[in-house]
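Counting convention: from 1, in listed order, for ligands and their atoms alike.
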Amino acid sequence: MIETGVDHATVMRGGVEPGSTMALEQDNVETAQGDRPCRGQPHDATTDDSNHAAPYAIVIFRMATSGTKRALITGITGQDGSYLAELLLSEGYEVFGLTRRLSASNYWRIEHILDRVTLIPGDLLDQLSLIRVLDRVRPHELYNLAAMSFVPASWDQPMLTGEFNAQGVTRVLEAVRHVDPSIRIYQASSSEMFGRVREVPQRESTPFYPRSPYGVTKAFGHYITINYRESYNLFAVSGILFNHESPRRGLEFVTRKVTDGVAKIKLGLADSLSLGNLDAHRDWGFAGDYVRAMWLMLQQDAPDDYVIATGEAHSVKELVEIAFGHAGLDWERYVKLDPAFIRPAEVDHLIGDASKAKTELGWSPTVTFNGLVTMMVDADLKRLGQRP
Ligand code: NAP
Ligand code: G4F
């Protein structure tokens, strides 16, 4: 269900789930609303709602009378947003997603649940849109996952990255404070904040030393969340999540770049893959496991911050070896090193200690590194193998 100004919203079919028949290309464009019921007429976040009084009255009446828990996800169109929406639906929540207007809509990760979630227009850059959405939805839980999440892009657009990842968080917190301070808030913090690590493994108490504008902005988002919790008594938590991946990962991140590259080479669609630093180490887990931790954090009696990680680090080279090996390819024949992918400042080695989450949340990961990489290679082989 799409409560947006997208009268003729398009859905880019592009699911890459194992078992899915969707393709990443934009070749199957259809209207998102299609035969689905839709509340109200086209509008955007700045239009007057008076034309929509009847549909919204129905929504608000339904909200007021149902005992169902409501959750609002910013970043619902992203990797984590899509898995979290699935989890919350399975837990019986009514799920709302804040989406920003794009010239071509980007619903491929949530296409399979579009008829069970309600999308509402808004933007982290626009304070009033956040207040309006919160006032309309009145969620019990708010998951702030929206961000500029690609580290290299943060050197190209540091100011904009700060607007999204730092001031954007403040705008979300301000909106909660003004609309309903009882809303529970999850903030997506990142292991990138540890940067040049001060301790191995990294835990909640490890000092931050971010190495990218992205990491710096995430540290701001982390601390402003804690500050609002302490200043205004909000139930606001930060999850310090280490890298987590899936077949829904964006193609620019190294895991998906590798698994997509392997599939293309295997299927004769490419003859090489260019990468940067093969020596960097990351603690990689499966996104489906990590969104469960987000939800658990908001079910506790008191707000607190948690590291979420597998406790195992692997190098980019190991990732490459497993991915190419799974497809029966010798990686050394295909991988080229390209200085264009070397960063101005690198985070060399991340490894997390999630014992607090294990003890207090009962959380632990279920997918191994090998299982994650092979799952992603298989999904990309399937997706690309189905191309006409
Ligand atoms: P992602 O796939 O890049 O998704 C980012 C989401 O944010 C998209 O839905 C995007 O919408 C939305 N967004 C960006 N700017 C926005 C704005 N100005 N207003 C509204 N929405 C906006 O990221 P992800 O991997 O799911 O990560 C989710 C969150 O966790 C991010 O905050 C990320 O920084 C953080 N995190 C991720 C990891 C990881 O390994 N995945 C680890 C630690 C922390 P569009 O579709 O319109 O672009
Ligand atoms: O996959 P990446 O781009 O992820 P990165 O920078 O670790 O950031 C991700 O994880 C963070 C959590 O720590 C999140 F907060 C953030 O939003 C994002 O999800 O790069 C991983 C490593 C880096 O060391 C990079 O230098 O892979 C190395 N790498 C080597 N060649 C490459 C490439 N990375 C990319 N993207 N592309 C390459 O060709």
Pairwise distance CG(D180) to NE2(H140) - rounded to 0.5 angstrom: 9.0 Å
Proximal atoms of ligand 2 relative to F150 (non-hydrogen, under 4.0 Å): 3 (O), 36 (N)
Atoms of ligand 1, numbered as shown, that sit under 4.0 Å from any heavy atom of R249: 25 (O), 39 (C), 40 (O), 41 (N)
Shortest non-hydrogen separation from S238 to D305 and the atoms involved: N-OD1, 2.9 Å
For atom 6 (C) of ligand 1, closest protein heavy-atom neighbour: G75 CA, 3.7 Å
Distance filter under 4.0 Å to E346 heavy atoms, resulting ligand 2 atoms: 23 (C), 24 (O), 25 (C), 26 (O)
Which residue and heavy atom of the protein sit nearest atom 2 (P) of ligand 2, plus the separation: R343 NH2, 3.6 Å
Side chain, backbone, both or neither: S189 near ligand 1, heavy atoms under 4.0 Å: backbone
Candidate with minimal heavy-atom separation from atom 15 (N) of ligand 1, of R100, Q187, R171, H244: R100
Non-hydrogen atoms of R203 and T206 that approach each other most closely: N-OG1, 2.8 Å
Closest to atom 19 (O) of ligand 2 (judged by heavy-atom distance), picking from H349, R249, M148, H244: R249
Presence of salt bridge, R171 and E163, under 4.0 angstrom: yes
Numbering as shown, the atoms of ligand 2 that approach S190 to under 4.0 Å (heavy-atom distance): 11 (C), 12 (C), 13 (O), 14 (C), 15 (F)
Parallel, tilted or perpendicular, as decided by the 30° and 60° cut-offs, for the rings of Y290 and W363: perpendicular
Any side-chain donor near an acceptor of the partner, E230 and Y228, under 3.5 Å: no
Interfacing atoms of ligand 1 (cut-off 4.0 Å, heavy-atom, L102): 47 (O)
Nitrogen or oxygen of V254 less than 3.5 angstrom from that of ligand 2: yes
Nearest non-hydrogen protein atom, atom 36 (N) of ligand 2: E252 O, 3.0 Å
Parallel, tilted or perpendicular: ring planes of F324 versus Y334, cut at 30 and 60 degrees: parallel
For atom 4 (O) of ligand 1, the protein heavy atom that lies nearest, with its residue and separation: G78 CA, 3.3 Å
Mutual orientation of the aromatic rings belonging to W295 and Y93 [parallel < 30°, tilted 30-60°, perpendicular > 60°]: perpendicular
For N243, atoms of ligand 1 separated by under 4.0 Å from a heavy atom: 40 (O)
Pair H244-D80, side-chain donor/acceptor within less than 3.5 Å: yes
Nearest-neighbour protein heavy atom for atom 5 (P) of ligand 2, which is reported as residue plus atom name and distance: N243 ND2, 3.7 Å
Close N or O approach (K257, ligand 2; < 3.5 Å): yes
Polar side chain donor-acceptor pair, D289 to T366, under 3.5 angstrom: yes
Parallel, tilted or perpendicular: rings of F208 and H222 (30°, 60°): perpendicular
Per-residue contact class, V151 against ligand 2 - non-hydrogen pairs under 4.0 Å: side chain
Nitrogen or oxygen atoms of L275 and ligand 2 under 3.5 Å apart: no
Geometric N/O contact Y214 with ligand 1, under 3.5 angstrom: yes
Closest candidate by heavy atom, reference atom 28 (C) of ligand 2, pool L273, V316, T255: V316
Heavy-atom closest pair, residues L381 and L267: O-CD1, 3.9 Å
Option set S191, A280, G195, S149, criterion heavy-atom distance to atom 18 (C) of ligand 2, minimum: S149
Presence of salt bridge, R196 and D348, under 4.0 angstrom: no
Shared hydrophobic cluster for V151 and Y209 (ILVMFWY, side-chain gaps under 4.5 Å): no
Shortest protein heavy-atom distance from atom 43 (C) of ligand 1, along with the residue and atom involved: L241 O, 3.1 Å
N106, portion touching ligand 1 at heavy-atom distance under 4.0 Å: side chain
Nearest neighbour of atom 13 (N) of ligand 1 from the list A146, G97, A188, on a heavy-atom basis: A146
Under 3.5 Å: donor-acceptor pair, side chain of D338, backbone of S274: no
Backbone or side-chain N or O of A147 under 3.5 Å from ligand 1 N or O: yes
Residue pair E360 / Y306, side-chain donor-acceptor N/O under 3.5 Å: yes
Nearest non-hydrogen protein atom, atom 1 (P) of ligand 1: S149 OG, 3.7 Å
Which residue and heavy atom of the protein sit nearest atom 23 (C) of ligand 2, plus the separation: R282 NH2, 3.4 Å
Ligand 1 versus K218: contacting region, heavy-atom distance under 4.0 Å: side chain
Spacing of I240 atom CD1 and I308 atom CD1 [to the nearest 0.5 Å]: 9.5 Å
Lys/Arg-Asp/Glu bridge criterion (N-O < 4.0 Å) met for R211, E346: no
E192 neighbourhood, listing ligand 2 atoms whose heavy-atom distance to it stays under 4.0 Å: 13 (O)
Any E192 heavy atom less than 4.0 Å from ligand 1: no
Which segment of N165 sits under 4.0 Å of ligand 1 when only heavy atoms are counted: neither
Atom 19 (N) of ligand 1: nearest protein contact (heavy atom, Å): L124 N, 3.1 Å
Pair S191-Q202, side-chain donor/acceptor within less than 3.5 Å: no
Per-atom contacts, ligand 2 versus F341 - under 4.0 Å to a heavy atom: 39 (O)
Under 4.0 Å to a heavy atom of F164 - the qualifying atoms of ligand 1, by number: 15 (N), 18 (N)
